[in-house]
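Written below as structure tokens is the structure these notes are about.
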Amino acid sequence: MNNPPLSQEQLAAAISSAATPSKLFDILSPYEEEAYLLSFQDNRQAELLSQFYAAYFLSHLLTDQIYEARFLTKRMPQDLLQTDDSLQNCVALLRAIWQHKHESVYTILRELPWPDTLKPIVQIYDTYFQEKTLREVSRAYETIRPATAASYLGLDPAATERGDPATIGKLMAHGWTQDEQTRLLHPNTVVDDSQQDDQLYNDLSEIMALIGSRRG
Amino acid sequence: MAESVQQIISLSSHLHSPNLLSETDYVNRVQELVAILRRSSQSLLSETVLTDLSPHEHTLPYLFVLLHQIDLARSRTRSALPDDIKPGGRLWSPAVQFLREFKGPQVHFAGHEWRQLVNMILDAAEDDSKPVLAVCVLSGAIMRIDQNVCEFTSLHPRFLRLCLLSQSYSYALPVLDKHISSSHTSLEQPARGDNRYMLALNHDANDFIAEAPDISARLTHKDIAQYYLYGAMIYMTLKEWDKALHWLSIVISFPVVNSVSKVMIEAFKKWVLVGLLRHGKLVTAPKIISSHVMKIYQAVARPYLSLADAFEKSDEQRLRTEADLGKSVWCADLNSGLVRQLFQAYDMFLVLKLCRVFSALTTRDIAAKAASSGLVSSAKIESLIAFLVMSGVLGARLLQRPCDLSLSMLRFPKSIQPYCSRSRMRVGLMRKSHALELLSHNCGECNNELKIGRENIDVLVRCQGWSGVTGKGGGKGSIDHAAFGVDEDIMGDLS
């Protein structure tokens, strides 16, 4: 029941061993109390705290808890938040996501310095954010210019614009097509789990039966 | 009768396997153990060392020994909140360990002591300006003590208040998402051997649940109103506007005799703003609110209603003027954040209104129609529309042109793929289904308690010789309500 104490080894092990983002969140979540108490100690380990809070913050983003990620930045030790580079990166990332500035999100994830412990999770979030945006763009656009798609998806704008096969190929792999004449891209809407109709119907029937039985 | 530590431990050990005991035996043994612990001398409790006990294995002895040690620390330091109990103190860790591992059903029989410990933890964390520590541990503790019963206690509003203070809102969600179905407003003790104790619904042998009024202090109207107001505030911070609106509407619909409480006024002001943020208009007030209460609300929340009027009429200039004029009011009511969000919502609803009228639009059209707002450039408009479509708020699709960067077309196809996946819809439906089931069960319980259940009415009808009324259809038209001298609503149950 008791977790091993928070340490850099423990944190690195959690990041590398968690099979899914929600598992990572579940592993890190119980340590918030310990990290909070540590932050009041005179000889606190600033590096450990910074890496824990940054990893915990990213696990919020990976589980789509954007509002909670924002409030986590308010619960972190504020003096550390103001001075620590990783935590400053987290704040910049949060701001970019909040303001829907996709290009900035990729710049922060790919170009700002992140500690080695956090690099794997930063990479996972980059992929997650790109795939999520791809689904959203596919739903929102019927036709989209290559440059706009590149800015949303963190692709090289020049390569996308000139129709570089390696870049465009990534989009084609998701069912997108390109009009040779206009160069416009036609996204393919991703439809998910449509085969669940039967279960949905059964669930609805149960609810209707319940309502019906109360009227009798 | 002199008891020994061994006797207490032995009695506690017998409770480890409740599935080997009958329900009555289990209840009797727990009550016996609590009685022994309550009358145990200080020397006996001092003999027991906390580190020798496991809060999970020996929940009740651990609780009493811990409280005894807290009492000792209090009398030693002559302080209600000694450093030992504060976060990081000597007794903080054992207290937290207890709240993480205790056995819920046993604690129900020592509700007074449990409440004492929890209140101390809350006081200590708040006094030490570290409320987040209490919130982390209490969220789990509240869920564990009340897995099935969904009872409202005095702890609920205090817990939510601390969640707000510490800005740790997700810890409140498991508690908020649970439908409250009972509350105790008196301090009466359960009589020994009566039928107040019941087995948990899932028939898990470990889940003996007892209705124990002393888990909660005496509840007041204010406690319940505050709970729903705090809950709504938590939903607001997470932008779950529908839930926030529902919780606020519960507070503003509270029954009143003459005056309206301050909590209700606060809730009404927030209800106006949340309605605008969710629906873009002043939502219709619940019909249950009496006209005199509504008049009071309208009188005290006038600046809010003016703001709502400007918002509804899409008068951006007036909206800004009203927002500026009322700055001191929003600040005093702590509603500045909500008012600030109105401007973002204003742009969104402006676009949504246009989209309801036309079947296709260019971003340039929208820019011309929304000239009064800050949406002046096509690029800004496209970015807003793309966000609305990508987040599922607007069911439309954007078509970019190959050359004209400033012009994109917005189409509203008849059939849009639902942005909410089917699996999410199914989860939502199942949740609603469980809530309905619980509501339906509790309605039945209420009917029985008030003796207006179908069976009671049948018995009443039979006893009074009204044969021929029940059984043969009992249609509404066949019953002479006045002749029975029974309230019409009660007879409604027969139809």
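For the pair A/Glu33 and B/Lys130, the salt-bridge criterion is not met [side-chain N within less than 4.0 Å of a carboxylate O].
In B/Arg340, the CZ atom is not crowded: 12 or fewer heavy atoms of neighbouring residues, nucleotides or ligands sit closer than 6.0 Å. Atom NZ of A/Lys23 has 12 or fewer neighbouring heavy atoms from other residues, nucleotides or ligands inside a 6.0 Å radius. Around the CD atom of A/Glu103, the shell of radius 6.0 Å holds no more than 12 heavy atoms that belong to other residues, nucleotides or ligands. Atom NZ of A/Lys101 has 12 or fewer heavy atoms from other residues, nucleotides or ligands within 6.0 Å. Around CD of A/Gln181, the count of heavy atoms belonging to other residues, nucleotides or ligands within 6.0 Å does not exceed 12. The local environment of CD in A/Gln78 is crowded, with over 12 non-hydrogen atoms from other residues, nucleotides or ligands closer than 6.0 Å. Annotation: A/Gln45, atom CD; neighbour count of heavy atoms from other residues, nucleotides and ligands within 6.0 Å does not exceed 12.
A donor and an acceptor atom, one from each side chain of B/Tyr171 and A/Glu32, are located under 3.5 Å apart. At a cut-off of 3.5 Å, with distance as the only test, a side-chain donor of B/Gln400 or A/Thr148 sits close to an acceptor on the other residue.
A distance of 12.0 Å separates CD in A/Gln99 from CZ in B/Phe387, rounded to the nearest 0.5 Å. Atom OH in A/Tyr36 sits 8.0 Å away from atom OG in B/Ser166 (nearest 0.5 Å). Separation of atoms CZ (B/Arg397) and CZ (A/Arg139) is listed at 10.0 Å; rounding is to 0.5 Å.
Proximity to chain A is limited to the side chain of B/Val96, based on heavy atoms less than 4.5 angstrom apart. With a threshold of 4.5 angstrom between heavy atoms, A/Tyr141 approaches chain B through its backbone and through its side chain. Looking at A/His60, there are no atoms closer than 4.5 Å to chain B (heavy atoms on both sides), in backbone or side chain. Using a 4.5 Å cut-off between heavy atoms, B/Ser383 makes no contact with chain A at all. Of the atoms belonging to A/Leu184, it is side-chain heavy atoms, and not backbone ones, that fall under 4.5 Å from chain B.
Per-residue heavy-atom pair counts under 4.5 Å with chain B were compared for A/Leu72, A/Ile66, A/Leu37, and the maximum is reached by A/Leu37. When each of A/Ile144, A/Leu185, A/Thr133, A/Val137 is checked for heavy-atom pairs under 4.5 Å with chain B, A/Ile144 comes out on top.
Side-chain contact between B/Thr237 and A/Tyr67 is absent, with no heavy-atom pair separated by less than 4.5 Å. Counting heavy atoms from C-beta outward, A/Glu68 and B/Leu238 have side chains that approach closer than 4.5 Å. In this structure, B/Ser168 and A/Arg75 have side chains that are in contact, with non-hydrogen atoms separated by less than 4.5 Å.
Residue A/Arg145 comes nearest to B/Arg401 through the heavy atom pair NH1-O, 2.8 Å, listed as atom of the first residue, atom of the second, then distance.
The salt bridge (charged side-chain N to carboxylate O under 4.0 Å, His left out) search around A/Arg162 returns none, not counting sequence neighbours.
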